[in-house]
Amino acid sequence: MENKKLSAWEKVEIARSPKRKTSLDYIENIFDSFIELHGDRNFKDDKSIVCGLAKLNNQNFTVIAEQKGRSTKENIDRNFGMPNPESYRKAIRFMKQAEKFNRPVITFIDTKGAYPGIGAEERGQGEAIAKSMFEMSKLKVPVIAIIIGEGSSGGALAIGVANRVFMLENAIYSILSPEGYSSILWKDSSRYKEAAEKMKLTAEDLYDLKVIDKIIEEPFLENISNTDMNNENDFYKVVISLKNEIMNTIGELKKLNAEEIFEDRYTKFRNMGEYKIVK
């Protein structure tokens, strides 16, 4: 059955659903094995970003993933998927390790944004995000970023500097929330639905603008509130699509040498500025 046309705001609601599959759901089903590693060796282990080593079809990977919780207890433990600076420093640590051992990097993006608390700012939140983007841009190994839910603000961009960016059909990717956009632009947060349309945050919009490289189809939703893909066959189809895209893309990128991988990523982001402004 063909998907009906959903509005931008409906896709925001789907992306934010607490029933939606999380990064760990995808990691556990895509990879043959996964070992989580911890800590930034500076402050503490922040659980809003999960890092570790994975294997798929005899290919080793480094995985960096933003992780939300489902219950209130899990969300508190994961800081509602909003990373602190130590999460990004942990990510940088494992990016560099991946480069040292020539492992491709896979990131899963799903966050409302970096945590804006006082402690996070005191520990250098802005610097940590910028450093993560800087270090990621220099990596000499292939990098794939996958937006699986909510990709908002610098919290998402910090682990989104990749050779290829994939996005699930009902995910969103934007500079801030529609409510925040509406409040800043019109001084009226109630216009969030209108803001969502103007922000061009859907997978279709971002593919047209060349911000992402591939849209991963999701199952048809007869009821927007039923976003947990209770039909495991539907979820498995998404997992298979991601497996195939990861392995095919890594196969292509591994044909490049280290300098060519860097140049490929650099050229991708430089060329983003060439699209026409959509009014």
Side-chain angles (χ1 to χ4, degrees), residues 22-28 30-31 34-55 60-69 77-117 119-167 171 173 246 250 253 261-262 265 269:
T22 68
S23 292
L24 284 176
D25 292 321
Y26 284 101
I27 291 169
E28 289 167 3
I30 289 172
F31 298 102
F34 175 70
I35 300 171
E36 185 175 356
L37 304 173
H38 300 273
D40 68 343
R41 293 185 175 171
N42 185 25
F43 185 69
K44 71 171 186 177
D45 182 48
D46 183 43
K47 294 182 180 180
S48 53
I49 285 186
V50 172
C51 297
L53 309 180
K55 179 174 282 191
N60 294 317
F61 294 92
T62 289
V63 174
I64 299 167
E66 289 164 331
Q67 176 65 23
K68 294 179 178 178
D77 195 39
R78 299 283 182 186
N79 204 36
F80 292 83
M82 295 185 289
N84 280 288
E86 45 273 18
S87 255
Y88 297 118
R89 292 178 179 129
K90 175 170 67 172
I92 292 168
R93 176 187 161 206
F94 291 112
M95 289 176 199
K96 291 183 175 180
Q97 185 193 80
E99 186 173 58
K100 178 179 179 180
F101 293 102
N102 197 31
R103 289 193 297 263
V105 176
I106 309 293
T107 71
F108 291 87
I109 295 172
D110 187 18
T111 182
K112 298 177 184 295
Y115 185 59
E121 296 298 334
E122 288 175 341
R123 296 193 299 279
Q125 184 69 288
E127 184 273 343
I129 291 170
K131 185 72 180 296
S132 181
M133 295 174 69
F134 176 71
E135 294 294 343
M136 203 171 187
S137 70
K138 297 192 303 176
L139 291 176
K140 302 294 177 65
V141 292
V143 183
I144 298 173
I146 306 169
I147 305 155
I148 62 168
E150 202 172 3
S152 294
S153 193
L157 292 173
I159 59 170
V161 185
N163 294 86
R164 301 291 182 269
V165 180
F166 303 153
M167 186 170 176
Y173 196 31
I246 288 171
I250 291 301
L253 291 173
I261 288 169
F262 165 76
R265 193 181 309 117
F269 283 90

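- Using a distance-only test at 3.5 Å, with no hydrogens or angles considered, a donor-acceptor pair links the side chain of Asn163 to the main chain of Ile261.
- Two residues are said to be in side-chain contact when any heavy atoms from C-beta on lie closer than 4.5 Å; Leu53 and Val63 fail this criterion.
- For the residue pair Ile92 and Ala128, the shortest heavy atom distance occurs at CD1-O, 4.3 Å.
- A 4.5 Å side-chain heavy-atom check between Val105 and Val141 finds at least one atom pair inside the cut-off.
- For the atom pair Glu66 CD and Asn79 CG, the distance stands at 12.0 Å (nearest 0.5 Å).
- Two residues are said to be in side-chain contact when any heavy atoms from C-beta on lie closer than 4.5 Å; Ile109 and Val165 fail this criterion.
- What you find for Ala114 and Tyr88 is that their closest heavy atoms are CB-OH, 3.7 Å.
- Taking each heavy atom of Phe94 and Gly39 in turn, the nearest pair found is CE1-O, 4.2 Å.
- With hydrogens and angles ignored, the 3.5 Å screen pairs a side-chain donor or acceptor of Ser132 with a backbone N or O of Ala158.
- The shortest distance between side-chain heavy atoms of Glu127 and Arg89 falls below 4.5 Å.
- Considering all non-hydrogen atoms of both residues, Met95 and Leu139 come closest at O-CD2, 3.7 Å.
- Residue Tyr115 holds its OH atom at 11.0 Å from CD of Glu86, rounded to the nearest 0.5 Å.
- Of the possible polar contacts, none joining the Arg164 side chain to the Ile144 backbone as a donor-acceptor pair under 3.5 Å is found.
- Using a 4.5 Å heavy-atom cutoff, the side chains of Tyr26 and Ile146 are not in contact.
- A salt bridge between Glu135 and Lys138 is present, with a side-chain N of the basic residue lying under 4.0 Å from a carboxylate O of the acidic one.
- Looking at heavy atoms from C-beta onward, Phe34 lies out of side-chain contact with Glu28 at the 4.5 angstrom threshold.
- Side-chain N or O atoms of Glu36 include none that pairs as donor or acceptor with a backbone N or O of Val50 at under 3.5 Å.
- Side-chain contact of Asn84 with Ser87: a donor-acceptor pair under 3.5 Å is absent, judged by distance alone.
- Note that CD of Glu150 is 7.5 Å distant from OG1 of Thr111, once rounded to the nearest 0.5 Å.
- Atom NZ of Lys47 is surrounded by 12 or fewer heavy atoms from other residues, nucleotides or ligands within 6.0 Å.
- Heavy atoms only, all atoms of each residue included: Ala162 and Ala145 are closest at CB-N, 3.5 Å.
- In summary, Asp40 and Arg93 do not engage in a salt bridge, as defined by a charged side-chain N under 4.0 Å from a carboxylate O.
- Note: Phe108 and Phe31 have perpendicular aromatic rings, judged against thresholds of 30 and 60 degrees for the angle between ring planes.
- Here Asp46 does not pair with Lys90 in a salt bridge; the nearest charged N to carboxylate O distance is not below 4.0 Å.
- Looking at heavy atoms from C-beta onward, Ile148 lies in side-chain contact with Ser23 at the 4.5 angstrom threshold.
- Summarising the geometry, atom CG belonging to Leu37 is positioned 6.5 Å from atom CD belonging to Gln97; distances are rounded to the nearest 0.5 Å.
- Side chain of Gln125 to backbone of Pro83: a donor-acceptor contact under 3.5 angstrom is found.
- By the 6.0 Å and 45° rule, Arg123 stacks over the aromatic ring of Phe43.
- Note that CD1 of Ile159 is 11.5 Å distant from CD1 of Ile106, once rounded to the nearest 0.5 Å.
- In this structure, CD1 in Ile27 is found 8.0 Å from OG1 in Thr22, a value given to the nearest 0.5 Å.
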